[in-house]
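I have placed the structure first, in the form of structure tokens, so that the comments after it can refer back to it.
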There are 2 protein chains.
Amino acid sequence: MDAVRVVIAECQVDYGGRLTAHLPMARRLIVVKADGSVSVHADDRAYKPLNWMSPPCTTTITPAAQADLGATTADIDPRVREVWMIRSKSGDFLQISVGEIELDYTTELGIDPGLRKDGVEAHLQALLAENPATFGEGWSVVQREYMTAIGPVDLLCRDELGCYVAVEVKRRGEIDGVEQLTRYLDLMNRDPLLGEVRGVFAAQQIKPQARTLATDRGISCLVVDYDALRGLDHAEDRLF
Amino acid sequence: MDAVRVVIAECQVDYGGRLTAHLPMARRLIVVKADGSVSVHADDRAYKPLNWMSPPCTTTITPAAQADLGATTADIDPRVREVWMIRSKSGDFLQISVGEIELDYTTELGIDPGLRKDGVEAHLQALLAENPATFGEGWSVVQREYMTAIGPVDLLCRDELGCYVAVEVKRRGEIDGVEQLTRYLDLMNRDPLLGEVRGVFAAQQIKPQARTLATDRGISCLVVDYDALRGLDHAEDRLF
DNA sequence: ACGTCAATTTCGGGT
DNA sequence: ACCCGAAGTTGACGT
């Protein structure tokens with residue numbers, strides 16, 4: 001069924017799976033997408049639903065009269081007209097007890113052309129790789145995504161003295177990124193071929209605690225101006 | 001305006017802010033909530049919209065004819081009937097160029113009674129705090145959320161010999177949790193008042209890599225059975 | 001399939 | 001307001 005269904009109705013919701021959750025009866029927006037996913041929204045909390053079921057999952061709709069026959073645990077709310085049971089393969093379930101329905105609209109949307117993004121971490125890494133002078137005069141990039149046993153280092157560089165430097169690139173520099181770079185440096189500094197490897201933590205923004213931790217570990221911090229870098233990039237495009 | 005608005009329409013979307021993104025013209029589901037948030041959905045990707053604007057933000061709707069007057073950069077798609085400009089205070093914007101509208105429905109949902117959850121990390125921590133024998137005979141809990149300079153340790157305990165033990169509680173134990181506990185232990189072991197502090201990593205599930213890293217650092221791992229603990233809890237309720 | 005890491009993460013709680 | 005950590009995180013990518 002390749003369509004979206006939008007429902008506004010009184011409903012009560014019970015979820016069981018990685019946790020259990022309950023929503024008392026109230027009027028809400030229910031969206032069923034072509035992928036089978038179901039989400040239940042209140043009129044706040046931005047785009048996050050109160051409760052949901054991710055695809056793949058299957059929905060079974062039962063009239064309240066029949067659902068009643070199987071109900072042994074508790075009385076069914078008399079307002080309930082039908083029960084939607086949505087199950088995933090992992091055993092999660094979302095039970096929506098639907099009362100009065102105010103809107104029930106189904107339509108086809110077709111395939112979406114998809115989203116084009118610009119400005120994510122990968123672009124920042126690419127721009128830095130093309131402009132190693134951002135780190136300092138005489139710096140060069142040895143390799144992007146330099147593989148180690150525990151994962152890829154974003155940029156492996158050499159400084160003006162030829163010393164290796166591992167660069168961790170983040171859009172927003174937080175403590176996790178420093179931990180990540182620390183793990184790489186610990187490993188790389190056991191490799192005699194590389195000699196002593198220094199670390200640079202490069203991000204558009206660096207949180208104070210991340211900077212403190214980095215400094216404490218002898219890692220340099222570099223705040224990168226994405227727009228300026230992109231400008232450099234465009235300037236080069238014009239020159240050559 | 002305390003209401004939800006559900007629109008199904010042809011639209012093109014342009015976002016600028018922390019990154020830039022573009023969606024070509026296609027039929028989509030647009031949801032405007034009472035908090036002012038706007039989200040644009042395709043019929044897949046579960047509950048995540050293709051693009052959105054989080055509250056607080058303000059929406060200005062302009063008929064295409066007028067929007068055209070201000071258009072200097074590019075021709076406006078002739079299918080566009082009105083332009084929604086949604087702006088946040090931080091300068092992010094979401095521009096939705098709306099074409100043919102298939103559905104436009106607005107209604108009040110009222111205040112939602114809200115979601116009740118059970119089984120999150122806080123509950124696991126509370127159950128462990130009430131049942132320190134889970135860690136071992138003769139263990140006691142000194143404090144929950146024991147504050148350190150770099151954040152709160154989930155549980156500070158004493159073992160059967162009276163030695164301090166820092167416990168990190170997770171629903172799912174992964175490498176980040178081990179790093180977190182390691183930072184706490186590094187700090188606490190500099191405090192002469194505590195003496196030597198050991199570490200315990202307690203979770204419902206522990207990933208192999210997390211276990212390996214923990215063991216390597218002298219941190220004990222404990223897999224906790226949430227249901228059994230809850231059972232203990234209920235048993236106690238009945239006994240006293 | 002699993003592990004790793006990014007995300008316009010979002011969301012809630014504390015200081 | 002910022003900072004921190006949890007989340008039913010979700011999602012993409014590589015092994």
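First the proteins, then the strands, lettered A, B, ... as listed; each starts at 1.
Distance from the side chain of A:W52 is smallest to D:dT10 among D:dT10, C:dA7, C:dT10. Checking D:dA7, C:dA6, C:dG3 against every side-chain atom of B:Q209, the shortest atom distance belongs to C:dG3. Side-chain proximity of A:K48 to the nucleotides C:dC5, C:dC11, D:dT10 is greatest for C:dC11. When the nucleotides D:dA6, D:dA12, C:dC11 are ranked by their closest atom to the side chain of A:R45, C:dC11 comes out on top.
For the residue pair B:T182 / B:R217, a side-chain donor-acceptor distance below 3.5 Å is found, with atom types taken as modelled. Between the side chains of B:Q95 and B:Q12, no donor-acceptor pair is found at a separation under 3.5 Å. There is no side-chain donor-acceptor pair under 3.5 Å between B:K170 and B:Q205.
One interatomic measurement links the two molecules: CD of A:Q125 to C1' of C:dA6, which rounds to 12 Å at whole-angstrom precision. Between A:K117 atom NZ and D:dT10 atom P the separation is 16 Å, expressed in whole Å. Rounding to whole angstrom units, CD1 of residue A:I175 and C1' of C:dC5 are separated by 17 Å. Atoms CG (A:D154) and P (D:dC13) sit 16 Å apart, rounded to a whole Å. Rounded to whole Å, atom C1' of D:dT15 lies 16 Å from atom CD1 of A:I150. For the pair B:E179 CD and D:dA6 P, the computed distance is 14 Å after rounding to whole Å. Following rounding to the nearest Å, A:Q180 (CD) and C:dT4 (P) show an atom-to-atom distance of 11 Å. Rounded to whole angstrom, the span from the CE atom of A:M147 across to the P atom of D:dT15 amounts to 7 Å.
Taking only side-chain nitrogens and oxygens, B:Y184 comes nearer than 4.0 Å to OP1 or OP2 of D:dG5.
Within the nucleic acid shown, B:M53 has no heavy atom closer than 4.0 Å to any nucleic acid atom. Base engagement by A:Y15 is indicated by at least one non-hydrogen atom pair under 4.0 Å involving a base atom. Contacts of B:S54 with the nucleic acid, taken as non-hydrogen atoms under 4.0 Å apart, involve only primed sugar atoms and P, OP1 or OP2. Looking at heavy-atom distances under 4.0 Å, A:P208 makes contact with sugar-phosphate atoms alone, never a base.
The separation of D:dA7 from C:dA7, taken at their P atoms, amounts to 22 Å, rounded to a whole angstrom.
Here A:R211 pairs with A:I206, A:T215, A:C221, A:V223 under the side-chain contact (heavy atoms from CB on, under 4.5 Å) rule; sequence neighbours left out.
Closest-nucleotide positions on DNA chain C for A:R172 and A:G151 were compared, and the one nearer the 5' end corresponds to A:G151. Position along DNA chain D of the nearest nucleotide to B:A46 versus B:E121 favours B:E121 as the more 5'-ward residue. Residue whose closest nucleotide on DNA chain C sits further toward the 5' end, between B:K207 and A:K170: B:K207.
Between B:E130 and B:R144 there is no salt bridge, since no side-chain nitrogen of the basic residue lies less than 4.0 Å from a carboxylate oxygen of the acidic one.
A cation-pi arrangement is present between B:R158 and B:Y164 under the rule of less than 6.0 angstrom and at most 45 degrees off the ring axis.
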